[in-house]
Amino acid sequence: MSTSRLSVSRSDATSEESRAGVARISIVVPCYNERPNVRPLVASLDTALAGLAWEVIFVDDNSPDGTSDEIRALAATDPRVRGLRRIGRRGLSTAVIEGVLASSAPLVAVMDGDLQHDETRLVPMLDAVEQGLCDIAVGSRHVAGGDASGLASAWRHRLSEAGISIAQKLLPVRPGFAPLGDPMSGFFAFDRRLFERIAPKLSGKGFKILLDLILSAPEAPRVLEIPARFRPRLAGESKLDVLVLVQFAAMLLDKACRGFLPVRFIAFALVGGAGVLVNLAVLDLAGRLGAGFATSQTLGTIVAMVVNFGLNNSLTYRDRRLRGAALWGGLALFMLVCSAGGIANIGIARTLHAAHHGWQPAGAAGAAIGVVWNYAVSSTLIWRLR
């Protein structure tokens with residue numbers, strides 16, 4: 001790589017831009033329960049970006065561990081530190097979107113708040129963007145010189161590899177550029193103006209904002225991978241689990257539907273389908289144990305409602321998940337809502353059947369009305385934004 005523009009202009013940027021309070025680089029850090037990592041991360045950025053006019057924007061989803069308090073305390077003594085505390089909203093992708101749109105710096109980088117991303121690679125990544133070598137520079141674990149050893153368990157390695165394999169089959173490749181080897185990376189840099197052009201098309205689903213950014217661009221962006229080490233986590237807990245892969249699939253589904261059909265509705269309907277299977281299984285088991293049909297069906301319906309509520313709370317409405325007393329209140333309300341939906345289902349189906357429609361069309365229409373009712377009321381009453 002040629003002589004770094006950032007490196008060449010470090011002193012000039014510091015003397016002019018810093019005095020004016022203008023950041024040339026914004027580092028956006030989405031975080032949740034990362035209080036012990038806030039000060040070490042800022043200290044590491046201070047070293048890695050020494051001589052440059054930079055700021056860090058922490059976007060905290062109202063962490064219960066006091067992450068926002070730590071950010072605020074540090075910001076009181078360091079004007080380069082900014083914090084956005086989000087209440088009633090959860091999710092890494094939307095946190096990144098809001099953080100970037102809150103920046104006015106021409107260059108932006110995104111990194112995690114857990115100290116696993118190698119901040120020493122920020123300058124090469126930002127250089128590549130500023131020099132016009134690429135549209136997006138990715139800190140990559142999967143090119144020569146990269147290192148993924150920070151994925152501590154074999155499970156996390158398998159989960160990451162599965163996501164990479166799926167993503168690589170879907171990503172467009174710009175002529176003259178190699179296919180992206182690490183599309184699941186959360187460590188990347190870009191020109192803010194590019195992001196602002198793409199932002200209205202972003203799905204904001206799940207954790208993999210880089211993939212969303214590339215898939216949402218009107219034409220395949222020029223992507224360059226910079227070797228980076230993914231370090232082991234020192235404090236806090238990893239957020240990577242199987243649900244991340246589910247949300248990753250939801251984001252791809254949203255792109256496939258081009259936003260016309262809400263992914264949350266699709267997930268709600270799929271959970272409803274799983275509930276039907278649970279209902280039938282309990283019905284069969286209770287019948288084998290000697291219970292009558294009415295009793296077996298009642299048990300099956302109740303168990304299916306409980307299972308559906310649990311799956312929706314964990315998957316469909318993960319960003320609005322109910323806990324504690326709200327969980328039990330939500331379950332009771334969900335069962336009431338579903339009971340009303342069942343009544344609507346039967347009423348619509350009987351009306352259509354009486355109008356000489358066949359069993360299957362009448363039943364399908366009733367079921368569709370029931371699903372739409374349950375989804376609409378659940379979204380507005382049970383898992384409403386707070």
Side-chain angles (χ1 to χ4, degrees), residues 1 25 27-49 56 58-59 67 91-93 95-96 99 108-129 134 136-168 171 178-190 206-214 223-245 247-248 251:
M1 185 177 295
I25 302 162
I27 311 298
V28 175
V29 182
C31 52
Y32 185 75
N33 283 346
E34 298 288 2
R35 179 170 186 153
N37 293 323
V38 171
R39 290 181 184 271
L41 177 56
V42 173
S44 69
L45 291 175
D46 190 37
T47 300
L49 301 175
V56 58
F58 289 96
V59 186
T67 297
L92 184 144
S93 289
V96 170
V108 180
V110 175
M111 65 187 303
D112 290 346
D114 54 14
L115 304 179
Q116 291 191 276
H117 288 151
D118 183 0
E119 71 286 343
T120 65
R121 309 308 294 157
L122 281 169
V123 169
M125 290 162 60
L126 293 161
D127 278 341
V129 175
C134 61
I136 303 172
V138 178
S140 177
R141 302 161 291 182
H142 300 296
V143 293
D147 181 4
S149 60
L151 290 172
S153 67
W155 163 247
R156 290 192 69 190
H157 276 283
R158 286 195 294 271
L159 197 62
S160 179
E161 289 167 1
I164 289 171
S165 177
I166 295 170
Q168 287 178 330
L171 283 175
L180 182 55
D182 195 0
M184 306 296 279
S185 176
F187 187 33
F188 54 98
F190 49 86
F207 283 68
K208 300 306 172 186
I209 182 66
L210 172 62
L211 191 62
D212 194 1
L213 188 65
I214 295 173
V223 181
L224 180 66
E225 294 184 89
I226 305 294
R229 179 182 174 223
F230 190 73
R231 297 183 293 223
R233 175 183 274 274
L234 299 177
E237 297 181 358
S238 171
K239 283 77 174 177
L240 181 64
D241 56 25
V242 70
L243 294 181
V244 172
L245 198 57
Q247 290 183 327
F248 168 66
M251 186 269 289

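Quick caveat: nothing in here was measured; it's all calculated off a predicted structure.
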At their closest point, which heavy atom of [X] faces which heavy atom of [Y], and how far apart are they?
X    : Y    : answer
N37  : G113 : CB-O, 3.2 Å
P30  : A95  : CB-CB, 3.9 Å
L210 : D182 : CD2-O, 4.1 Å
P227 : V143 : CA-CG2, 3.8 Å
A137 : I226 : CB-CG1, 4.5 Å

Rounded to the nearest 0.5 Å, what separation is found between the [atom1] atom of [X] and the [atom2] atom of [Y]?
X    : Y    : atom1 : atom2 : answer
S140 : R121 : OG    : CZ    : 11.0 Å
L211 : S185 : CG    : OG    : 11.5 Å
I136 : E225 : CD1   : CD    : 11.5 Å
I25  : M125 : CD1   : CE    : 11.5 Å
L41  : D112 : CG    : CG    : 10.0 Å

Exercise. Are the charged groups of D118 and R229 less than 4.0 angstrom apart, N to O?
Worked result: no

Check whether any side-chain heavy atom of [X] sits under 4.5 Å from a side-chain heavy atom of [Y], and report yes or no.
X    : Y    : value
C31  : V59  : no
F190 : V108 : yes
F58  : E34  : no
I27  : L49  : yes
F188 : I209 : yes
L45  : L122 : yes
L115 : P40  : yes

Exercise. Do any N or O atoms from the side chain of T67 and from the backbone of Y32 form a donor-acceptor pair under 3.5 angstrom?
Worked result: no

